[in-house]
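Comments concern the structure below.
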Amino acid sequence: MTDTAIAGGEGYSEPMGHVLVPGELDLSHGVALYLDDINVSFDGFKAINSLSLTIDAGELRCIIGPNGAGKTTMMDVITGKTRPDSGTAFFGQTLDLTKMREAEIAYAGIGRKFQKPTVFEQHSVFDNLELALKADKGIWHSLFSRRSPAQTTRIEELMELIGLQELQHRPAGLLAHGQKQWLEIGMLLAQEPKLLLLDEPVAGMTDAETERTAELFVSLAGKHSLVVVEHDMEFVNSIARTVTVLHEGSVLAEGSMNQVQNDPRVIEVYLGR
Ligand code: ADP
Ligand code: MG
């Protein structure tokens, strides 16, 4: 298989040389993610219990809920890391997430940020973004192919978006915690995901970094759908349109921050403690 064939959109090349053809993402009905009656058990314990959730195209959704509510497991289901025991999960109108492998789901346009940044510490900000931009073409291509003018422009756009232009030559290992998180978000964005899953993105950030992250997420909404799991209520309040409260693996409440904060069930299980 040649690079031209891959770049021509014929499929994603896995290390084993397997070609995946994930099909087209169809957002024409305005829904990015559709979960219905999802169940996940671990040794008889129901981590996800008849969970139903819809995320619109371009929506910025915040998910809150006490520890153990199933937030991370939900992201594992969406990304194909965990298979649900039952239920429906669609990305757009046509992509059945329960039948796709992790790599296919990522290739189809779902990007996930874990809590711990996974940047290449010895490489500069610029080089990390370049590697991310070329990542789907395989490691050989990433390391040795020449950078096109379009790729250089894209890297500059990404650096501006995440506010790291001035630090473009700095090794990622020397960045502050928040800057590292932004770099990783930039690396995710290099893959042009339609849906971004962010698990506790502002954990460990300073107040100033948290505010900057809020601005970034608000600016990404519209072009991307974002699902943000976060414990920092001030942060959630500053970005949230709709908030979903998870509890014991299902949706306890959904609405504006004000609505969920005043919901007696939410106060009882979560905010009131
Ligand atoms: P949250 O992210 O909301 O804190 P999680 O999704 O991590 O919650 O966990 C939900 C529940 O499922 C917890 O009780 C957790 O201990 C359990 N759980 C999560 N992953 C596993 C696993 N791989 N094996 C067994 N139990 C798990
Ligand atoms: Mg979690």
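Just so you know, ligand 1 is whichever comes first in the structure, and atom 1 is the first atom listed for that ligand. By convention here, the first residue in the shown sequence is residue 1. The shown structure was predicted, so the numbers you read here are calculated from the model rather than taken from an experiment.
Checking each of E230, E184, E200 against K113 for a salt bridge (charged side-chain N to carboxylate O under 4.0 Å, His left out) leaves exactly one that passes, namely E184. No option in D36, T88, D37 other than D36 meets the side-chain hydrogen bond (donor to acceptor under 3.5 Å, both in side chains) test with S52.
Of all the heavy atoms in L35 and A89, the pair that sits closest is CD2-CB, 3.6 Å.
Among the atoms of A69, some N or O lies under 3.5 angstrom from an N or O of ligand 1. Note: no N/O pair closer than 3.5 Å links F42 and ligand 1 by distance alone. For the pair G68 and ligand 1, the shortest N or O to N or O distance falls below 3.5 Å.
The neighbour count for H177 NE2, taken as heavy atoms of other residues, nucleotides or ligands under 6.0 Å away, is above 12.
In the vicinity of F45, heavy-atom distances shorter than 4.0 Å reach the ligand 1 atoms 11 (C), 12 (O), 14 (O). For ligand 1, the atoms lying closer than 4.0 Å to a non-hydrogen atom of N67 are 4 (O).
For the Mg ion (ligand 2), the set of nearby N, O or S atoms under 2.8 Å includes one belonging to T72.
Of the protein's non-hydrogen atoms, G70 N, 3.2 Å is the one closest to atom 8 (O) of ligand 1. Of all protein heavy atoms, the one closest to atom 12 (O) of ligand 1 is A47 CB, 3.3 Å.
Looking at E130 and R147, a side-chain N of the basic residue comes within less than 4.0 Å of a carboxylate O on the acidic one, giving a salt bridge. Comment: E157 engages R154 in a salt bridge, judged by a side-chain N to carboxylate O separation of less than 4.0 angstrom.
Side chains of S86 and N39: a donor on one and an acceptor on the other come within 3.5 Å. Donor-acceptor pairing under 3.5 Å is recorded for the side chains of R61 and T244.
Heavy-atom proximity to atom 9 (O) of ligand 1, evaluated over D76, T73, T72, V229, is greatest for T73. Heavy-atom proximity to atom 3 (O) of ligand 1, evaluated over M74, K71, K46, is greatest for K71.
A donor-acceptor pair is defined here as one N or O able to donate and one able to accept, closer than 3.5 Å; such a pair exists between the side chain of E209 and the backbone of T206.
Using a 4.0 Å threshold on non-hydrogen atoms, atom 23 (N) of ligand 1 counts as touching the protein. Counting only heavy atoms, the protein never gets under 4.0 Å from atom 15 (C) of ligand 1.
The closest approach between a heavy atom of G65 and any atom of ligand 1 is not below 4.0 Å.
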